[in-house]
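Just below is one structure, and these are the notes that go with it.
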Amino acid sequence: MHTEKPIVAINNVSKSYQRGSQIIRVLEDISLNIESGEFLALMGPSGSGKSTLLNLIAGLDHVDHGSIEIGGVEITILSESDLSRWRIVNVGFIFQFYNLIPVLTAFENVELPLLLTGLTKRERRDHVATALRMVNMEERSRHYPNQLSGGQQQRVAIARAVVTDPAIIVADEPTGDLDRTAAENALELMSRLNRDLGKTVIMVTHDPWAGKWAHSIEHLDKGVLSHDI
Amino acid sequence: MIFKILIRNAFRHKLRTVLTVCGMAIAILAFGLLHTVIDAWYIGVEASSATRLVTRNSISLIFRLPLSYRDTIRRIEGVKIVSYGNWFGGRYIDEKDFFANFAVEPKSYLNLYPEYMIPDDQRIAFLKNRKGCLVGKKLAERFGWSLGDIITLTGTIFPGNWEFVLCSIYKGSEKNTDETLFFFHWDYLNESLKKKSPLSSDQVGFYMIGIENPYMAAEISDAIDKTFKNSLAETLTETEKAFQMGFVTMSEAIIKAIQLVSLVVIFIILVVVANTMGMSVRERIGEFAVFKTLGFRAWHITLLIIGESMVITVFGGITGTLLTFPAAKGFSVAVGKFFPVFNITAETIWLNLAVTLVVGLVAGILPAYRAVTVKIAEGFRRMG
Ligand SMILES: Nc1ncnc2c1ncn2[C@@H]1O[C@H](COP(=O)(O)OP(=O)(O)O)[C@@H](O)[C@H]1O
Ligand SMILES: [Mg+2]
C-alpha cells in the first residue's frame, strides 16, 4: 500500500494572511503525504490553521510558497478556472453547517454539482437517487433543507459530496453542529465512503471523539504539524 | 435549474421583494404617465396651433368660396364663430405705400380677434358705418391718419376708387399682434359687386373660423374639408401659424422639465432595487461561496444575481405598465380639457420595457461583482 504514490503530496507549504498592517502566519513550511484510501483527521485547537490547510488541499485557496500535488496534478500552478474544473471532478465537500442551498430540495441540492458535468437529465437523476439511497435520505428527496434536521441535512450534504464520484472527500468540522447520534451517523457514513468506495477522506475536527473514526491523525498547532498514531 | 434558483431567490424575503416590486411598479407607472403627458402635449401642440382656422379654396387663394358655406360651417361641431373676408388688394397713393387690406364681416371678425383692442365708442362707430374702416395703430401713424379721415384706395382686384371713413384704430394686446392691417366692411364690397359684376358677388376669399378647443383643430379642419369634398369649390382648412410659434417654444421648457423628472424617478428606483439586491447578496455571500466551491463560475453567479434583479424589475415593470392604463384614464378624465387626446402609445410601452430591463441589469451589476470577487474561503468565514 505504501509503495504507491501518495494521492496528496504537500511540500513546504506556507500561507499567511494580512489583516490590516498585521501579517498572520498561519501555516509554516508544512509537508505532508496522504495515501490513497486514507481516512485522515486533521486536529488542533481553534485558529491553528486547519481550515486553511484543508482549503489549500481542496483548491479553494492559493499557497504563498511550496506546492501541492494531488493525483499527479500540481494544483498550486493551476489557473482559477482550471482549478474550478479540477474541483468538480476530484473533490467532494462536506461543511460544518451543511451549506445546502435553502431554495433547493434535497434532490436538487444533490443534483447541483452534476449540472456542471455532461450528464443527461436521466443520468443525473439516477446518480442523485443512488447517492440519496446511500445516505438513507431518498424518502426526503423532495424536502427543503429547513424541513430537515441537522443530521438529515448533513446526510444530504454527504450525498452531494459523493454524487460526482470524486477521489477525495474533504470535511471541515462535519460534526461540529450535530448531536452525538447524528454525528455518529455522519461519521459512520464517511467511514463507509472510505471503506466501501475507497474515497480518500480528509476531515478537520477539534473533537478527539470524532477523530477516533479516522485511521490516522495529524495535529496542527501554531502552523506546525505533528503526527499521531 | 439556475432559472429556478433565481426565481425562488427573488421571493425568499417576501416582504422586501414585494415592497421593491411595488416601488418598481410605481416608478414605471409614473414614468409611463409622464411620457404619456409628453405625447399628449405634442399632439396638443400640433392641434392647438390656433383657436382659429382658415378655410380657403383648395385649388388656390385666388379662387373664392360661396358665401353659403358660412351656415354649413357654423353647423360643424366645435365651431364657435365663423367670419369671412376677402383680400382686397387696394392700393393707397403709390405702389411703395403697400399695406395689407381686407374686406371682412366686421362683427364676427372682431370677436375672433380679441387681441385687437379698440375703444368701445370707436368699435360701435366702425360697426355702424358701412363705409367705415379699422386700421392698426402703426399703419395710422405711418400715414398720419386720424379718426374721421377719408381714405381712398384704388382697387387692383376690384376696380374703381373706394372711399372709407377711418372709424377706429386698434392696438395689439399681444407683443406679436400685427398693427399694420386695414379692415373694412365686406358688405360694402359685396354690394358694390352686386351692382357692377353680379357673378363675383357673394363670394368670399376665406373663412376665418373660431373653434372652442384648440386641441380639436385637426379634427375640425378635417370635418370642414370633408363637408365640401366633391363640391364645386373644395376647401382647404389650416390652423393659423403665428399662434403656434409662441406655444411650441414655451412648451419645450416644460417638456424638458417633465423628462428630467422621469429620469430622476428612474434613478431613484434604480438605487432602491440595487439596494435590495445588495442586501440579498450580502446575506447570501456564503451560499455563493458554496456555488463556487462546487465549481460554478463567475458567469453563473452573475446570471443568478442579475437574473434575480430582473425578476424583481420585470414583475414591477409589468404591474406598473398595466396600472398605467386605468391611471391614464383617470388622468384624462381629470384634465381632459387640456389633453383631449391622452393615449398610451406603443412607444411608451416599449420604453417601459427598456427601462425595466436596464434597471434590472444595472441594479444587479454591483452586487454581482461583489459576489464574484469575494474569495471562497473569505465567503465561508463571513458566513460562519
Ligand atoms: N481570509 C482570512 N483573512 C485573514 N485571516 C484569516 C483568514 N482565514 C483565516 N485567517 C486566520 O488564520 C488563522 C487560522 O484560521 P483557520 O484556518 O480558520 O483555523 P482553524 O480552522 O484551525 O480554526 C486564524 O487566526 C484566522 O483568524
Ligand atoms: Mg476551521
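These numbers were taken from a predicted model, which means no experiment stands behind them. The chains referred to below are lettered A, B, ... by the order of the sequence lines, with proteins before strands, and numbering in each begins at 1.
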Ring centroid separation for A:F107 and A:Y144, is it under 6.0 angstrom?
no
Pick from A:A161, A:G59, A:S84: which one has the most heavy-atom pairs with chain B under 4.5 Å?
A:S84
Mind checking whether A:R160 and A:V156 have side chains closer than 4.5 Å, heavy atoms only?
no
Which portion of A:E108 sits near chain B, non-hydrogen atoms under 4.5 angstrom
both
Counting heavy-atom pairs under 4.5 Å to chain A, which of B:I5, B:T293, B:I376 comes out on top?
B:T293
Between A:L115, A:L83, A:T164, which shows the greatest number of heavy-atom pairs under 4.5 Å with chain B?
A:L115
Of the backbone (N, CA, C, O) and the side chain (C-beta and beyond), which part of B:F296 lies under 4.5 Å from a heavy atom of chain A, both, or neither?
both
Determine whether more than 12 heavy atoms belonging to other residues, nucleotides or ligands lie under 6.0 Å from atom NE2 of A:H206.
no
With chain B, which of A:I88, A:L104, A:L116 has the greatest number of heavy-atom pairs at distances under 4.5 Å?
A:L116
Using a cut-off of under 4.5 Å on heavy-atom pairs, state which of A:L100, A:D61, A:V103 scores highest against chain B.
A:V103
Might you work through the ring-ring contact (aromatic ring centres under 6.0 Å, His included) test for B:F315 and B:F11, ending with a clear yes or no?
CA-CA 11 Å; B:F315 262 94; B:F11 291 95; 5.5 Å; yes
Presence of salt bridge, B:E283 and B:R12, under 4.0 angstrom:
no
Measuring heavy-atom distances to chain B, does A:S81 have an atom under 4.5 Å in its side chain, in its backbone, in both, or in neither?
both
Within-4.5 Å side-chain heavy-atom neighbours: A:N90 and A:I168:
no
